[in-house]
Amino acid sequence: MTPRILDGTAVSKAIRAEVAGEVAELTARGIVPGLAVILVGDHPASAVYVASKGAAAREAGIAERTLRFPAGLSGAELLAAVDSLNRDDAVDAILVQLPLPKHIDSARIFEAIDPRKDVDGFHPVNAGRLLQGKPAPVPCTPAGILELLRREGIPLQGTRAVVVGRSDIVGKPTALLLLQNHATVTIAHSRTRDLPGLCREADLLVAAIGRPGFVTGAFVKEGAVLVDVGINRLTSRADVERFFHGDAARLSAFEKKGSTLVGDCDPATAFPRSSRYTPVPGGVGPLTIAILLRNTLDLCRKRRSP
Ligand code: GUN
């Protein structure tokens, strides 16, 4: 069986066009959805993500504002910035980019965001609402995964899903959403006994551990659907050759840029055993941004009841 690519870029484009159309309608009625993004420090990957998020928001007609702070910002100063955005009526959605510098207590910051402006769905109130199946903003990456599976017509009811990774941002909410869609879900992690054996039982395998190429062919049942959430940057030629041996296009792209991305799945051994898979790049990543825009629009409608 030749595996089919689940094209996150195409689905993301469709969602972004839908959001842009709805934003234009609202704007014509005098309501411009507003998104505020906070970036603390100069984490290189975060700076790239934040720039992409800002550009995508502006392209959709959303009023976007990025607040950049130095790494030495105190927790109290960040709380004050969040508080000011909470009180700003033009701001419908607040995103604080993770990771934050170590001296800042992230949980305290996310608890300070007004739950009605919590575009990531990380506030405990919204996480609790998601757990109970109540309407809430849903974390962008998990929501993107579910939207991709829905639009690609991949059935979930009754299937066996394994989510590898138990983060609050991806693993746990993805598992909850799959459960709500009537999959039988197991959350696995680095301490799971016989992880490859467990993963081989999965009809749908979600890899979200943040380790390059960790999920090899030995983890994949023939014909399973693979969702690769990992975005790992490779900068050494030896690593690129290890994962992309014989892939001339990838090697030449690496030569040009000096780096390339690999997911949590080993492209040479895991993807060929699947029936469908999300590539890296071009799979889950673009959906995260599309859902950020969708969530911003939804929060705007809800708070301003237009
Ligand atoms: N850093 C990596 N992914 C995310 C995300 O989905 N939201 C935020 N706020 N920060 C992130």
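All ligand and atom numbering here is 1-based and tracks the order in the structure.
Ion pairing between E147 and R150 holds under the 4.0 Å rule for side-chain N and carboxylate O. Using a cut-off of 4.0 Å between Lys/Arg side-chain N and Asp/Glu carboxylate O, R129 and D118 are scored as not salt-bridged. Using a 4.0 Å cut-off between charged nitrogen and carboxylate oxygen, D89 and R303 count as a salt-bridge pair.
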Under a 3.5 Å threshold, I'd like every N/O contact between ligand 1 and protein atoms, with atom names and distance.
residue: ligand 1; atom: 1 (N); partner: Q97; partner atom: NE2; Å: 3.2
residue: ligand 1; atom: 1 (N); partner: L98; partner atom: O; Å: 3.0
residue: ligand 1; atom: 7 (N); partner: D120; partner atom: OD1; Å: 3.1
residue: ligand 1; atom: 7 (N); partner: D120; partner atom: OD2; Å: 3.3
residue: ligand 1; atom: 9 (N); partner: V96; partner atom: O; Å: 2.8
residue: ligand 1; atom: 9 (N); partner: D120; partner atom: OD2; Å: 2.7
residue: ligand 1; atom: 10 (N); partner: L98; partner atom: N; Å: 3.0

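A distance of 10.5 Å separates NE2 in H43 from CG in L100, rounded to the nearest 0.5 Å.
When the options Y277, F244, F243 are evaluated for a ring-ring contact (aromatic ring centres under 6.0 Å, His included) with F271, the one that passes is Y277.
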Can you list, pair by pair, the side-chain donor-acceptor contacts under 3.5 Å of residues 131-138, counting residues two or more places apart and other chains?
residue: Q132; atom: OE1; partner: K134; partner atom: NZ; Å: 2.7

